[in-house]
Amino acid sequence: MNKDTICALATANGVGALGIIRVSGPDAIAVTNRCFKGKNLETAVSHTVHYGFITDGDETIDEVMVSVFLAPKTFTTEDSTEISFHGSPHIAGKILEVLTRNGARMAKGGEFTMRAFMNGRIDLSQAEAIADIIASENEASRKIAMNQLKGGITDEISVLRGDLLNFTSLVELELDFAEEDVEFADRTALNMLLNRIEEKLRSLVESFRYGNAVKNGVEVAIIGKPNAGKSTLLNTLLKEERAIVSDIAGTTRDTIEEVLHIRGTAFRFIDTAGIRDTTDTIEAIGVQKAHEKIAAAKILLYLYDEFDSTPQEVAAFIKEVYREDLKVVLLHNKSDLSSEKGQNFDNDLRSALEAENNVTLLSISAREKVGIEELKNELIDYVEGLKQSENNVIITNQRHHEALLRSLDSVRRVKDAVSQSFHTELLAYELRYALEYLGEISGEFTNDEVLGNIFSKFCIGK
Ligand SMILES: Nc1nc2c(c(=O)[nH]1)N(C=O)[C@@H](CNc1ccc(C(=O)N[C@@H](CCC(=O)O)C(=O)O)cc1)CN2
Ligand SMILES: Nc1nc2c(ncn2[C@@H]2O[C@H](COP(=O)(O)OP(=O)(O)OP(=O)(O)O)[C@@H](O)[C@H]2O)c(=O)[nH]1
């Protein structure tokens, strides 16, 4: 199937003590051997390392170590070699050039992992986990990716598939004998099985809220009147965290984001593009722009002070933008200047917003750095609150999330069909889809476009 022998730099493209070039495919050993002066690699035992030189005719290019891995117990399941050389990008280029002249071709991004998948060593969710583990920047995302790489999702999906297949056979048995009025499948057992499947799917779907926050960060809108202290607060937070301050033009939305890592989680402070100057205030741009920012956010930080606003005004704004899945943190800023008036202000505000859940009020001084720890705790608590103790598998991948949602939909339709007495075709139809959607996650059902999408995002050499 994969007749080509591919090669690529597996290490970062820069200066390092060593670099590694990986070669994989039916001619991996022969190609490498042609460029190698040392032991004859064609007779090498699998999983052995050999000292020698990469040569181009009479020219010695570098002193290297070559590892030999024979199919099928290799990363790609194909014959492979790894050349470790002195880590200069120039040498890497020379070695790759010699290899391609001797029968290999340059690998495309993700092609080694794609082969591991195509050859059945790993499933699609595990291949995606490899990309995730390379991208992981903190413990939470590393742990989730590692669990996925070890087959966490694979196992979970195969249990669900098993349950769905069990259900199918129970139903089919009954349908076969429908005319004889025999009830093979006890109704309660059937319903219990369906409920269990639905519940498991629902909890996997739900885990994406946390998984997505860990992997992609949490969007935060920071809103307040002019001079409420928004910039001061952001600066205080940024300094404290020695944050990666990056202005990233949003790819999906027309937004600019400032990313702040707090205890390993990325918080994305949303700014709608084009309104980033000081006119970006609820007064100047109107409530409309504020609404857009808040609509794109999971958390709203609303800053006010007691000198320039009233509890009624703040409460009215919050009520207007409120939604169940929005965490609102009211930040009474300039606490260093605060008086008794401030106490009354907050009491009034609290009672005005009694009916709204998910609203917290904190007193801070952005400038004097008071209450900042409490604010960070609020942000972190929000993320921790998304975690579900019942789940050890956490969905972080949009593609998996969508497939699970569709599968859940189908299972719910099966439930409906069952409760309204069986319709053979309808049941079979929905069950087939529920199974197929699950199969998309492992890659059992897939197509070139999906695969191309996934693997093109990998680095070259992976
Ligand atoms: N030098 C080197 N280090 C590396 C890799 C590599 O390819 N080369 N990896 C690449 O990502 C990662 C390790 N992952 C790997 C996963 C599977 C196999 C593999 O050969 N699996 C075979 C044989 C297992 C065995 O010997 O028991 C198999 O599963 O059949 C190798 C590496 C990280 N470190
Ligand atoms: N006393 C005191 N002053 C503060 C505090 N936080 C901000 N300020 C001051 O309030 C003024 C406005 O602060 P900014 O951070 O620029 O306010 P902003 O909300 O970003 O204002 P705009 O950019 O106009 O929307 C500045 O003079 C700050 O020094 C605080 O905690 N205490």
Side-chain angles (χ1 to χ4, degrees), residues 123-126 128-129 144 147-148 151-212 323-325 385-447 449-450 454:
D123 78 358
L124 200 50
S125 75
Q126 291 171 307
E128 292 169 306
I144 295 172
N147 187 37
Q148 188 173 328
I153 292 183
T154 316
D155 296 347
E156 203 92 337
I157 297 298
S158 84
V159 170
L160 274 168
R161 283 181 61 87
D163 281 351
L164 274 170
L165 288 169
N166 270 344
F167 178 82
T168 310
S169 41
L170 282 178
V171 167
E172 272 169 5
L173 198 62
E174 193 164 306
L175 288 169
D176 284 349
F177 292 89
E179 265 138 52
E180 292 163 40
D181 202 24
V182 197
E183 212 175 77
F184 284 89
D186 149 25
R187 203 59 6 151
T188 342
L190 214 57
N191 276 322
M192 270 172 60
L193 184 54
L194 261 188
N195 284 337
R196 198 172 79 209
I197 297 169
E198 184 189 15
E199 179 49 31
K200 189 73 227 175
L201 279 169
R202 199 204 49 75
S203 103
L204 282 172
V205 163
E206 181 64 20
S207 76
F208 183 65
R209 271 157 51 87
Y210 175 69
N212 192 39
R323 38 173 231 268
E324 273 299 324
D325 64 340
L386 300 176
K387 216 189 269 183
Q388 295 174 306
S389 46
E390 64 207 83
N391 252 0
N392 38 20
V393 170
I394 291 161
I395 301 297
T396 60
N397 187 304
Q398 183 81 34
R399 193 182 72 81
H400 301 173
H401 182 234
E402 281 165 14
L404 287 165
L405 273 175
R406 276 178 297 177
S407 187
L408 179 58
D409 246 24
S410 289
V411 166
R412 286 186 172 148
R413 279 196 290 270
V414 171
K415 261 182 91 169
D416 284 348
V418 169
S419 72
Q420 294 155 25
S421 83
F422 299 134
H423 283 288
T424 332
E425 293 86 46
L426 184 64
L427 261 184
Y429 179 84
E430 289 300 349
L431 279 168
R432 194 162 56 80
Y433 274 107
L435 280 164
E436 193 171 313
Y437 296 140
L438 288 181
E440 284 177 12
I441 296 175
S442 60
E444 189 183 336
F445 294 96
T446 190
N447 60 55
E449 193 189 332
V450 171
I454 292 171

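All values derive from a computational prediction rather than experimental measurement.
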For [Y], is there an ion pair with [X] - N to carboxylate O distance below 4.0 angstrom?
X      : Y      : value
Arg202 : Glu199 : yes
Arg399 : Glu402 : no
Glu156 : Lys200 : yes

Results of salt bridge (charged side-chain N to carboxylate O under 4.0 Å, His left out) for Glu198 - residues two or more places apart only
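Residues passing salt bridge (charged side-chain N to carboxylate O under 4.0 Å, His left out) with Glu198: Arg412, Lys415.
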Where [X] and [Y] come nearest, the two heavy atoms and their spacing:
X      : Y      : answer
Ser125 : Thr154 : OG-OG1, 3.5 Å
Asp163 : Leu193 : O-CD2, 3.9 Å
Ile441 : Ala403 : CG1-CB, 3.7 Å
Tyr437 : Ser407 : CD1-N, 3.6 Å

Heavy-atom distance under 4.5 Å between the side chains of [X] and [Y], does that happen here?
X      : Y      : value
Val414 : Leu427 : yes
Leu435 : Leu165 : yes
His401 : Val205 : yes
Val411 : Leu164 : yes
Val450 : Glu440 : no
Leu204 : Ile153 : no
Phe167 : Val418 : yes
Leu404 : Leu438 : yes

Separation between [atom1] of [X] and [atom2] of [Y], rounded to the nearest 0.5 Å:
X      : Y      : atom1 : atom2 : value
Asp155 : Asn147 : CG    : CG    : 9.0 Å
Ser207 : His400 : OG    : NE2   : 11.5 Å
Ile157 : Glu444 : CD1   : CD    : 11.0 Å
Arg413 : Ser410 : CZ    : OG    : 5.0 Å
Glu128 : Thr396 : CD    : OG1   : 8.5 Å

- In chain order, what residues pass the side-chain hydrogen bond (donor to acceptor under 3.5 Å, both in side chains) check against Asn447, with sequence neighbours excluded?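 Testing Asn447 for side-chain hydrogen bond (donor to acceptor under 3.5 Å, both in side chains), a comparison that skips the adjacent residues, returns none.
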Could you tell me whether a side-chain N or O of Asn195 sits under 3.5 Å from a main-chain N or O of Asn191, the two making a donor and an acceptor?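 Side chain of Asn195 to backbone of Asn191: a pair is present.
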